[in-house]
Amino acid sequence: MSDATTKPMDDIMSLCKRRGFVYQASEIYGGINGFWDYGPLGAQLKKNLRDAWWEDMIMNPCWGRTGPGGERVRCVPVETCIIQNPKVWEASGHVGGFNDPMVDDKETKQRFRADHLQGGYLGSSPAGDPALALAQMQGQITKVEHIPAFTITAGGPDEAAAILLADRKLQKLLGVSDANILPSISPGAAPLLQLTYRGQPAFAFIFPVSGAVQEHAHAQIPSPFTGKAGSLTAPRQFNLMFFTYTGATATENDKVYLRPETAQGIFVQFKNVVDTTRVRVPFGIGNTGRSFRNEVTPRNFTFRSREFEQAELEFFCHPDDSFEWYKFWRDFRMEWWQSIGLAGENLILREHEKDELSHYSTGTSDVEYRFPFTAPGFGELEGIAHRGNYDLTQHAKHSGAKLEYFDTDRGETLPNGAKKGERYMPHCIEPAAGLDRGALALICEAYTRDESRPSPEIMKFHPRVAPIKAAVFPLVNKDGMPEVADRLHADLFKRFGRTGFVETDAKQSIGKRYARMDEAGCPFCFTIDGDTLTDQTVTVRSRDTGLQDRIAIDKVSAFLTDALLA
RNA sequence: GCGGGUGUAGCUCAGUGGUAGAGCGUCACGUUGCCAACGUGAAAGUCGAGGGUUCAAGUCCCUUCACCCGCUCCA
């Protein structure tokens with residue numbers, strides 16, 4: 001087993017470039033932050049990974065295993081658009097949830113939502129009358145010159161008042177003491193505090209600090225963390241989603257989003273799939289493709305890219321069965337990643353803690369890999385989430401479509417023996433994998449240094465995902481060997497050329513040709529030598545051990561077939 | 001977003017303000033008898049980009065971009 005913590009990421013990245021696995025996007029123009037391209041070997045590696053997912057999730061789900069209810073697992077594919085009606089993202093929560101302007105406190109490095117900034121506005125009126133002060137204040141509160149004496153981050157004014165009262169340390173920072181909440185002047189009015197502010201008795205109303213004030217006067221607004229002005233930035237949009245415009249006019253009305261996940265395309269087409277393809281719950285719908293997220297900090301090679309590819313399955317089932325299905329998929333997905341070469345202790349299945357869960361989820365697990373740049377920690381390859389009926393319910397609400405499923409296998413048994421049927425909103429288990437992260441994990445896991453070998457760098461890919469499946473070499477480029485090698489190569493190419501590259505090379509020393517194949521991760525090399533010409537055998541040289549066997553030349557295909565299926 | 005580091009050939013990296021370099025790799029030819037062998041030769045560079053100082057900038061200054069590391073943020 002290879003230990004990821006000892007693998008230098010720089011060496012892996014260097015090999016990725018040198019051998020054509022990964023290139024920086026737009027490299028000759030200086031690159032572009034958060035985007036990476038795949039070279040020939042990387043593109044084939046990722047395709048093999050995607051194909052493996054498709055085969056084991058869609059074509060022959062779970063290798064033909066039965067699910068918790070004893071029935072064969074059934075899945076169908078869709079391929080949905082990157083650009084959807086913008087309402088899809090309102091329904092899914094992606095628009096509302098991630099478009100909030102954020103403010104940074106440059107001094108404490110804290111970041112908070114601009115609409116959570118509550119201001120304490122000191123009241124002043126000749127007679128100390130709060131009602132008069134409030135009336136006066138309400139006329140001015142939206143004016144840019146009207147700066148609060150102190151600020152608090154909270155979901156609303158009442159919460160802010162409660163936080164301030166409860167937190168003595170915060171009071172000290174902000175210059176507040178002896179604070180009490182006075183009865184509100186009128187129902188729904190801003191909370192009124194009686195307090196001492198910087199030694200002077202005063203009263204204060206808590207109002208949200210308006211976006212306009214924050215925009216224009218952020219330098220004067222005191223920080224909610226230090227009480228000092230000058231460290232807050234203006235509110236800034238942190239857009240998770242990329243957007244563009246449909247049509248040539250490009251007005252705000254034409255704004256559309258590039259999807260941040262492929263899953264929503266599945267939910268949106270759920271009804272069509274049910275209506276047109278005779279699927280019956282429980283069943284899954286798979287979708288692969290590019291997604292886009294405007295990550296704040298793209299980092300760690302291809303791990304957090306702004307454009308990335310997902311392979312997502314939404315598995316729909318009856319609510320009563322959903323937890324069993326959740327466990328089933330969680331365990332299968334872990335096993336699947338192990339089956340393609342992430343078999344060691346660098347791979348873990350991690351069940352989320354209760355406080356990590358989304359409000360609608362009753363269970364989520366991550367398949368995580370210990371990348372060199374996360375070690376000793378782990379990075380997520382795939383999340384398996386129990387999403388309940390959240391998504392279908394959201395889309396039913398927003399679109400008005402009826403997305404409930406009528407299950408004719410459930411309900412009371414009728415006198416004629418048939419079931420009465422049951423109408424319900426299916427629950428959904430979502431195994432959502434990142435293909436680029438998967439490919440990166442395969443690369444990191446495969447990368448091996450063996451200083452005892454003349455060519456120390458070896459990519460030990462599982463044969464199923466290896467971009468180069470086999471190579472055929474004449475030991476020397478004469479004496480009829482090249483001709484035999486060409487024939488064997490042509491034969492293997494015809495049989496295996498759909499699954500990956502099949503190479504041949506007659507140039508330079510045999511050791512150099514083996515070494516090149518080791519570095520590219522080709523699992524087997526077949527070499528034609530002098531004996532081949534007399535006894536029709538070739539040597540099979542194994543990448544991982546460097547050892548070689550002799551087998552009959554007409555058994556090479558069968559040998560390779562077995563090896564690739566193993 | 002903040003702080004630190006790096007950027008010179010495909011890769012790894014030297015390079016004192018004064019001619020753009022090495023090793024490896026790649027390619028060609030020769031040789032070859034199982035592990036980056038050897039010989040000869042060749043191609044390959046916007047020195048990350050832009051500006052400035054200077055007689056002269058890979059080298060000094062400013063700006064910017066990308067990558068790496070640490071925070072921060074984010075599902």
Side-chain angles (χ1 to χ4, degrees), chain A residues 8-20 22-36 39 93-94 97-98 100 102-113 231-234 236 238-240 260-261 291 293-304 306 352 356-359 361 364 366 372-374 379-380 383 385 432 434 450 452-458 473-479 481 505-520 525-533 538-543 545-550:
Chain A
M9 200 58 209
D10 289 349
D11 291 347
I12 294 175
M13 290 168 66
S14 168
L15 184 142
C16 280
K17 168 78 186 289
R18 182 156 38 89
R19 295 311 308 255
V22 179
Y23 306 132
Q24 198 178 4
S26 318
E27 189 183 293
I28 62 169
Y29 289 99
I32 176 167
N33 191 351
F35 295 85
W36 299 89
H94 286 93
F98 301 105
D100 300 307
M102 305 291 282
V103 173
D104 285 317
D105 179 2
K106 287 182 285 192
E107 189 176 332
T108 64
K109 315 290 187 200
Q110 302 219 56
R111 177 174 288 170
F112 58 90
R113 278 171 59 172
S231 64
L232 297 186
T233 65
R236 288 178 290 193
F238 284 83
N239 287 315
L240 170 78
E261 61 175 32
S291 292
R293 291 185 198 172
N294 221 341
E295 299 287 353
V296 179
T297 312
R299 197 58 82 79
N300 288 330
F301 202 29
T302 62
F303 183 78
R304 179 165 293 157
R306 288 179 163 148
H352 280 209
E356 278 184 277
L357 296 175
S358 320
H359 60 280
S361 179
T364 299
D366 285 344
F373 49 79
T374 60
E380 180 183 348
D450 183 347
S452 72
R453 282 167 64 162
S455 50
E457 284 183 305
I458 306 159
F473 300 141
L475 182 60
V476 288
N477 197 15
K478 62 179 186 183
D479 298 339
M481 295 180 207
D505 187 358
K507 302 287 180 62
Q508 297 182 314
S509 74
I510 191 69
K512 181 173 283 197
R513 285 176 278 165
Y514 287 152
R516 277 199 281 244
M517 287 299 127
D518 287 346
E519 212 179 49
C525 297
F526 301 97
T527 301
I528 281 67
D529 59 18
D531 294 343
T532 308
L533 306 173
V538 299
T539 61
V540 187
R541 186 257 188 195
S542 156
R543 171 196 67 199
T545 62
L547 301 176
Q548 45 193 36
D549 281 326
R550 273 206 103 76

Undergrad: Given that both distances must come in under 3.5 Å, which nucleotide forms a Watson-Crick or G-U wobble pair with B/rC47?
TA: none
Undergrad: Given that both distances must come in under 3.5 Å, which nucleotide forms a Watson-Crick or G-U wobble pair with B/rG7?
TA: B/rC65
Undergrad: Could you go step by step and tell me if A/Arg453 and A/Asp518 meet the side chain to side chain contact (heavy atoms under 4.5 Å, CB included) rule?
TA: CA-CA 11 Å; A/Arg453 282 167 64 162; A/Asp518 287 346; 2.9 Å; yes
Undergrad: What's the NZ-C1' distance between A/Lys512 and B/rC27, to the nearest Å?
TA: 11 Å
Undergrad: Between A/Met13 and A/Arg304, which is nearer to the 5' end of RNA chain B once each is assigned its nearest nucleotide?
TA: A/Met13
Undergrad: Got A/Met517 and A/Phe473 here, is their nearest side-chain heavy-atom distance under 4.5 Å?
TA: yes
Undergrad: Any donor-acceptor pair, under 3.5 Å, between the side chain of A/Arg453 and the base of B/rC35, if you only look at N and O atoms?
TA: no
Undergrad: Is the distance from OP1 or OP2 of B/rC67 to the nearest side-chain N or O of A/Asn33 less than 4.0 Å?
TA: yes
Undergrad: In Watson-Crick or G-U wobble terms, both distances under 3.5 Å, what is the partner of B/rC2?
TA: B/rG70
Undergrad: Please give, in whole Å, the distance from B/rC35 P to A/Asp518 CG?
TA: 13 Å
Undergrad: Please state how far atom CD1 in A/Ile32 lies from atom P in B/rA66, giving the value in whole angstrom units.
TA: 8 Å
Undergrad: Rounding to an integer number of Å, can you tell me how far A/Glu519 CD sits from B/rA36 C1'?
TA: 9 Å
Undergrad: According to a strict under-4.0 Å criterion, is A/Lys507 in side-chain N/O contact with OP1 or OP2 of B/rA28?
TA: yes
Undergrad: Would you mind classifying the nucleic acid contact of A/Arg513 as base, sugar-phosphate or nothing, using non-hydrogen atoms under 4.0 angstrom?
TA: nothing
Undergrad: Output the distance between atom CG (A/Asp10) and atom CZ (A/Phe301), rounded to the nearest 0.5 Å.
TA: 10.5 Å
Undergrad: In the strands shown, is B/rG33 matched to any nucleotide by a Watson-Crick or G-U wobble pair with both distances under 3.5 Å, and which?
TA: none
Undergrad: Starting at atom CD1 of A/Ile458, determine the distance to atom P of B/rC35, rounded to an integer number of angstrom.
TA: 15 Å
Undergrad: Check every atom of B/rA75, B/rA36, B/rC67 against the side chain of A/Ala515 and return the nucleotide holding the closest atom.
TA: B/rA36
Undergrad: Please state the C1' separation for the pair B/rA22 and B/rA44 - nearest whole angstrom.
TA: 15 Å
Undergrad: Does A/Ala520 offer a backbone N or O that forms a donor-acceptor pair with the side chain of A/Arg543 under 3.5 Å?
TA: no
Undergrad: With hydrogens left out and only the distance checked, is there a donor-acceptor pair under 3.5 Å joining A/Tyr514's side chain and the base of B/rC34?
TA: yes
Undergrad: Is A/Ser455 close enough to B/rA36 that one of its side-chain N or O atoms is under 4.0 Å from OP1 or OP2 there?
TA: no
Undergrad: Can you figure out which of B/rC73, B/rU32, B/rA66 approaches the side chain of A/Thr297 most closely?
TA: B/rC73
Undergrad: Can you tell me how far P of B/rG1 sits from CG of A/Asn294, to the nearest Å?
TA: 11 Å
Undergrad: Considering only B/rA37, B/rG1, B/rC34, which nucleotide approaches the side chain of A/Arg299 most closely?
TA: B/rG1
Undergrad: Anything under 3.5 Å between a protein N or O and an N or O of nucleotides 41-43 of chain B, put it in a table, one pair a line.
TA:
none

Undergrad: Start at the 5' end of RNA chain B and walk down; is the nucleotide closest to A/Phe373 or to A/Thr527 reached first?
TA: A/Thr527
Undergrad: Does B/rA28 have a Watson-Crick or wobble mate here (both distances under 3.5 Å), and if so which one?
TA: B/rU40
Undergrad: Which nucleotide, if any, forms a Watson-Crick or G-U wobble pair with B/rG18, using both distances under 3.5 Å?
TA: B/rC55
Undergrad: Think A/Asn300 has a side-chain N or O under 4.0 angstrom from the OP1 or OP2 of B/rC69?
TA: yes
Undergrad: How many angstroms lie between atom CD of A/Glu380 and atom CZ of A/Phe303, to the nearest 0.5 angstrom?
TA: 7.0 Å
Undergrad: Determine, stepwise, if the pair A/Arg18 / A/Glu457 fulfils salt bridge (charged side-chain N to carboxylate O under 4.0 Å, His left out).
TA: CA-CA 12 Å; A/Arg18 182 156 38 89; A/Glu457 284 183 305; 3.1 Å; yes
Undergrad: Nearest to the side chain of A/Asp479 - B/rA66, B/rA36, B/rG33?
TA: B/rG33
Undergrad: Where the side chain of A/Trp36 is defined as all heavy atoms beyond and including C-beta, which of B/rC34, B/rC68, B/rA37 is the nearest nucleotide?
TA: B/rC68
Undergrad: Find the distance A/Arg19:CZ to B/rG25:P and express it as a whole number of Å.
TA: 12 Å
Undergrad: Between the protein and nucleotides 20-23 of chain B, are there any N/O to N/O pairs under 3.5 Å, and if so, what are the atom names and distances?
TA:
none

Undergrad: With the criterion being N/O to N/O and under 3.5 Å, what pairs connect the protein with nucleotides 10-15 of chain B, and how long is each?
TA:
{"unit_1": "B/rG10", "atom_1": "O3'", "unit_2": "A/Lys17", "atom_2": "NZ", "d": "3.3"}
{"unit_1": "B/rC11", "atom_1": "OP1", "unit_2": "A/Lys17", "atom_2": "NZ", "d": "2.5"}
{"unit_1": "B/rC11", "atom_1": "O3'", "unit_2": "A/Ser14", "atom_2": "OG", "d": "2.9"}
{"unit_1": "B/rC11", "atom_1": "O2'", "unit_2": "A/Ser14", "atom_2": "OG", "d": "3.1"}

Undergrad: Given atom CD of A/Gln508 and atom C1' of B/rA36, what is their separation to the nearest angstrom?
TA: 9 Å
